[in-house]
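To start, the structure itself, in structure tokens.
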Amino acid sequence: MIKRIQEWLSRKDRQEPVEISPDNIPRHVAIIMDGNGRWAKRRGMPRVVGHQNGMKAVKRATIAANDLGVEFLTLYAFSTENWTRPKDEVDFLMRLPVEFLAIELDELIEKNVQVRVMGNTEALPSHTRKAMEEAVARTLSNTGLILNFALNYGGRKEIEDCMRALGKDIQAGILSPEEITSELIDNRLSSSGLPDPDLLIRTSGEMRLSNFMLWQIAYSEFWFTDAYWPEFDKTHLMQAVAEYQRRTRRYGGLK
Ligand code: V07
């Protein structure tokens, strides 16, 4: 028995091609991109080298998702909790959208990708906001995959802001409590306009949500991998989608 499991593990490590049906591709994939610092540390390099390589993995994952026919890809780039990291690291992270614009965006524009951002973006440094706004503006008319960065995002903060806004509307007499429905809440979250994620991926072996899309993932399938985010490539995404299809096959094509 133990031997059989070992054989299976070694096959999985070699990442043989997996079978994916074109009829049941998750429309919306969300990813918690964990393990950038650990990946660097394992190589004896500073954490920021991990973040830099994580940015390359963003482009790989985007192109892979686009090739598979995924319509929406949401990536957790910076959480409301990440501000507690050392200042140097936060400063470096806040420059990544600028680098992304300079280094990675042209190839994504060629692939017809549209960039969006959700989260509390007003609180970001102006160079970060400017880069992010430029990425959004330069891809606004693209019609391919929607690449949605969660930046200064927190699931509870999003729900808190939504409840405050609804409370204000009630106080102003333009909303009655009976009118509050799931759909109304959907429309007031920063993910408004996107369908709920069908598949949530987290890298680096952690199995927590860490305040990511708490409302939206009510029915999402979860897939975890031990791979660090800078190692993530098309084969990981394909494994995740193949597993998603195995789990949802009873609805295949009917969902
Ligand atoms: C960040 C790279 C990916 C690994 C996880 C953390 C580090 C891309 C962006 C980005 C965001 C908005 C935008 C264009 C690019 C980004 C941050 C961190 C803060 F419009 N990667 N990436 N932003 N990392």
Side-chain angles (χ1 to χ4, degrees), residues 29-43 45-66 72-109 111 113-140 142 145-154 190-191 194 200-206 208 210-213 225 227-233 236-237:
V29 176
I31 310 185
I32 303 174
M33 307 182 285
D34 200 9
N36 301 287
R38 261 172 288 171
W39 177 87
K41 194 177 171 198
R42 214 186 50 186
R43 286 168 166 67
M45 298 188 295
R47 288 175 60 80
V48 293
V49 178
H51 297 316
Q52 188 84 47
N53 281 275
M55 197 176 74
K56 296 198 170 90
V58 166
K59 187 174 72 183
R60 276 202 305 277
T62 305
I63 291 170
N66 190 46
F72 307 88
L73 179 65
T74 296
L75 302 178
Y76 206 0
F78 193 85
S79 79
T80 48
E81 289 75 31
N82 287 155
W83 295 109
T84 61
R85 292 189 180 176
K87 185 177 183 299
D88 284 357
E89 187 177 337
V90 170
D91 288 349
F92 185 91
L93 286 167
M94 286 301 133
R95 266 192 299 274
L96 280 183
V98 181
E99 285 208 33
F100 190 85
L101 190 74
I103 302 168
E104 315 291 357
L105 194 67
D106 285 342
E107 197 174 330
L108 296 184
I109 289 173
K111 303 264 178 188
V113 167
Q114 188 184 135
V115 175
R116 291 195 201 169
V117 181
M118 70 172 187
N120 190 7
T121 52
E122 313 88 71
L124 297 170
S126 59
H127 62 278
T128 313
R129 234 177 31 232
K130 199 167 155 269
M132 175 199 102
E133 280 162 8
E134 196 180 326
V136 171
R138 280 184 59 196
T139 60
L140 203 58
N142 290 357
L145 175 128
I146 289 174
L147 171 59
N148 180 40
F149 287 105
L151 238 179
N152 198 17
Y153 173 87
S190 53
S191 56
L194 308 175
L200 174 81
I201 295 174
R202 182 168 187 156
T203 56
S204 196
E206 304 295 345
R208 291 187 293 276
S210 301
N211 205 13
F212 190 47
M213 300 189 98
T225 174
Y228 297 125
W229 177 250
E231 299 170 325
F232 194 90
D233 64 19
H236 296 100
L237 184 69

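Not measured: the values here are computed from a predicted model. Counting starts at 1 for both ligands and their atoms, in listed order.
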Answer yes or no: is there a donor N or O on one side and an acceptor on the other, between the side chain of [X] and the main chain of [Y], under 3.5 Å?
| X | Y | result |
| --- | --- | --- |
| Ser204 | Glu206 | no |
| Glu231 | Tyr228 | yes |
| Thr203 | Asp34 | yes |
| Trp39 | Gly50 | no |
| Tyr153 | Ala77 | no |

Q. Is it the side chain (CB and beyond), the backbone, both or neither of Asn36 that lies under 4.0 Å from ligand 1, heavy atoms counted?
A.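 Side chain only.
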
Q. Heavy-atom contacts under 4.0 Å between Leu101 and ligand 1: side chain, backbone, both, or neither?
A.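 It is neither; nothing of Leu101 touches ligand 1.
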
Shortest reach to [atom] by a heavy atom, considering only [options]:
| atom | options | value |
| --- | --- | --- |
| atom 3 (C) of ligand 1 | Thr121, Leu105, Val58 | Val58 |
| atom 24 (N) of ligand 1 | Ile31, Leu75, Leu96, Asp34 | Leu96 |
| atom 16 (C) of ligand 1 | Gly54, Ala77, Gly119 | Ala77 |
| atom 12 (C) of ligand 1 | Phe78, Phe100, Tyr76, Phe149 | Phe149 |

Q.
I need the nearest protein heavy-atom contact for atom 20 (F) of ligand 1: residue, atom name and distance, please.
A.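 For atom 20 (F) of ligand 1, the nearest protein heavy atom is Met132 CA, 3.5 Å.
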
Q. Among all protein non-hydrogen atoms, which one is nearest to atom 19 (C) of ligand 1, and what is the separation to 0.1 Å?
A.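 Result for atom 19 (C) of ligand 1: Leu93 O, 3.4 Å.
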
Find all atoms of ligand 1 within a distance of less than 4.0 Å from any non-hydrogen atom belonging to [X], and give their numbers and elements.
| X | answer |
| --- | --- |
| His51 | 2 (C) |
| Leu151 | 11 (C), 12 (C), 19 (C) |
| Trp229 | 4 (C) |

Q: From the options Phe149, Phe92, Trp83, select the one residue that forms a ring-ring contact (aromatic ring centres under 6.0 Å, His included) with Phe78.
A: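 That would be Trp83; it is the only one of Phe149, Phe92, Trp83 passing the ring-ring contact (aromatic ring centres under 6.0 Å, His included) with Phe78.
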
Q | For the student: nearest non-hydrogen atoms of Leu151 and Thr121, plus distance | A |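 Smallest heavy-atom distance, with atoms named: O-CG2, 4.3 Å.
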
Q) Can Asp106 and Lys59 be counted as an ion pair, charged N to O under 4.0 angstrom? A)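 No, this pair does not count.
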
